[in-house]
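Lettering follows sequence order; numbering is per chain, from 1.
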Amino acid sequence: MAYNDKVLDHYENPRNVGSLDKNDPQVGTGMVGAPACGDVMKLQIRVDEQGVISDAKFKTFGCGSAIASSSLVTEWLKGKSLDEALSIKNQQIADELALPPVKIHCSVLAEDAIKTAISDYRSKQKGVDAP
Amino acid sequence: MKKPIYMDYQATTPMDPRVLEEMLPWFVEKFGNPASRSHAYGWEAEQAVEKAREQVAALIHADPREIVFTSGATESNNLAIQGVARFYQDKGRHIITPVTEHKAVLDTCRHLEAEGFSVTYLPVQTDGLIDLTALEAAMTPETILVSVMAGNNEIGVVQPLQAIGQLCRQKKVMFHCDAAQGAGKIAIDVESMQIDLLSLSGHKLYGPKGIGALYVRRRPRVRLKPIQHGGGHERGMRSGTLPTPLLVAFGKACAIAADEMVAENQRLLALRQRLLDGICSRLTHVNVNGSLVHRLAGNLNLSFGFVEGESMMMAIKDVAVSSGSACTSASLEPSYVLRALGVSEEQAHTSIRFGLGRFTTEEEVDFTANLVVEAVNRLREMSPLWEMVQEGIDIASIQWSGHH
Ligand SMILES: Cc1ncc(COP(=O)(O)O)c(C=O)c1O
Ligand code: FES
């Protein structure tokens, strides 16, 4: 399949590949997908004291669209509050990258990864806050 | 745009320039209809057709009168399977074929099921070979046809044709072989292998697309109910004006393949080993899918652990290959051939098929090996699975939140 330029750009120059310390209480980790489905996405966010996402990293096993979707959301996430981050919808990702219908699920995965990372962060914070 | 290096010889082959040269005069100067009996235009075309028929027959040690020209292996498979099933249905209505066959065989069988035939889809072993005892056990008094391919298009695995032929003859079951990938690559002898019907395709052996043949045994005689009716060409089995230029080219392609097969196979085996060594000496977690011993010399199907096939193809876009990953297919199902070998879905997603052929060079192989090593290293750095393996986590032990 011939890919759109934006997908190719993110695929060839992926932004924010890497890992954050998953044991850090300020870090939320979301791992979604499954190897058997051909896609696994790991998204990590660091949240500062103001509740703003200061850093985001990803690692993805998946097709070019999956890699591009995760790379794109790490860019979008930085500087956003958690609620703003939660409002990112897969359709925006798919539109930005002009994903064809068969690749929509790659963007769904990226949205799921955001939600999972935030809920991991929040459950860790509950743990920290507890007496 | 600079085109990538071609390493997809199982999808199709370029035409050999010697074939093209032979073919050209038959379009404009010598354009006669080989069925025209009343003038020289027809006679010269008929002569050319008969020469081509001899060349095709010689490649598989058949008699020229046993060759029926078709549009390709898809049509040959349809004609063989449907033709035999419909002609012999009073004898029995059971067919056996392995699960790893080409869709042109499997889908034809599916259609016959809808007409009331029963089909056994025979499982294969982990190396891709069929188990002869399982084949024998699947045979019933109702069985009229066994269809097994010579070489597999995805994994290149070559089935034990001789033993299958012997078993079928002994059980009085007809044996059809889809040799689209095997012909011209491995020695095929329909006599010693006791093959009753055999499908060929021009474009897999450096001939043109849109031409093929079906070998139909004369002694003991195999009969078919034709699919396409009309002027009664090809002894009534396949009506339609014969495309002289395509036949001349197909014949020439078969003659070249027969002449050069032994030397070419040695060359390809060396190139394949060079590719495999070039990759495996520098990467871990690489698996060969299918038997490396019983295999077409020009095929290498590898799984690169923790690297998804489609992103891999993007990373090595200077080389034209194909993948068994679902992400490359419209259906999002990973390759049924790999799944049939017991390859996990995960491993099927990481597979790449390298197809080497007549015009592949050592430089191209080295370039490809280097590119593959670089790409796999880069993508593994990006792979959460690779990271987990480095941390010593057993990926199989994890509960994944899979989507489908
Ligand atoms: C094993 C096998 N059988 C049949 C076919 C179909 O051949 P054709 O393209 O000549 O119809 C192919 C090629 O795709 C093949 O690889
Ligand atoms: S990861 Fe399979 S289609 Fe995107």
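Contact tally against chain A (heavy-atom pairs below 4.5 Å) for R378(B), R380(B), M312(B): the top residue is R378(B).
No donor-acceptor pair closer than 3.5 Å links the side chain of Y11(A) to the backbone N or O of M314(B). Under the 3.5 Å distance criterion, the side-chain polar atoms of E308(B) are matched with a main-chain donor or acceptor of C63(A). With hydrogens and angles disregarded, a donor-acceptor distance shorter than 3.5 Å links the side chain of H349(B) to the backbone of A36(A). Side chain of E345(B) to main chain of C37(A): no donor-acceptor pair is present (N/O by atom type, distance under 3.5 Å, no hydrogens or angles). A side-chain donor-acceptor contact under 3.5 Å links K59(A) to the backbone of E381(B).
To the nearest 0.5 Å, the span separating OG on S71(A) from CE on M382(B) amounts to 8.5 Å.
Salt bridge present: K317(B) and E12(A) bring a charged side-chain N and a carboxylate O closer than 4.0 Å.
Inter-residue side-chain proximity for E387(B) and S19(A) is flagged as met; some heavy-atom pair is nearer than 4.5 Å. Taking 4.5 Å as the limit, every side-chain heavy atom of M388(B) sits out of range of all side-chain heavy atoms of K42(A). Residues T60(A) and S383(B) have side chains not in contact (no heavy-atom distance under 4.5 Å, counting atoms from C-beta outward).
If you measure heavy-atom distances from V40(A) to chain B, the contacts under 4.5 Å come from both the backbone and the side chain. Contact annotation for P101(A): neither backbone nor side-chain heavy atoms come within less than 4.5 Å of a heavy atom of chain B.
Closest heavy-atom contact between I67(A) and S311(B): CD1-CB, 3.9 Å.
Atom CD of E374(B) is surrounded by 12 or fewer heavy atoms from other residues, nucleotides or ligands within 6.0 Å. The 12-atom threshold is not exceeded at NZ of K22(A), counting heavy atoms of other residues, nucleotides or ligands nearer than 6.0 Å.
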request  = Could you please spell out the steps behind the side chain to side chain contact (heavy atoms under 4.5 Å, CB included) verdict for F61(A) and L379(B)?
outcome  = CA-CA 8 Å; F61(A) 164 82; L379(B) 289 168; over 6 Å; no
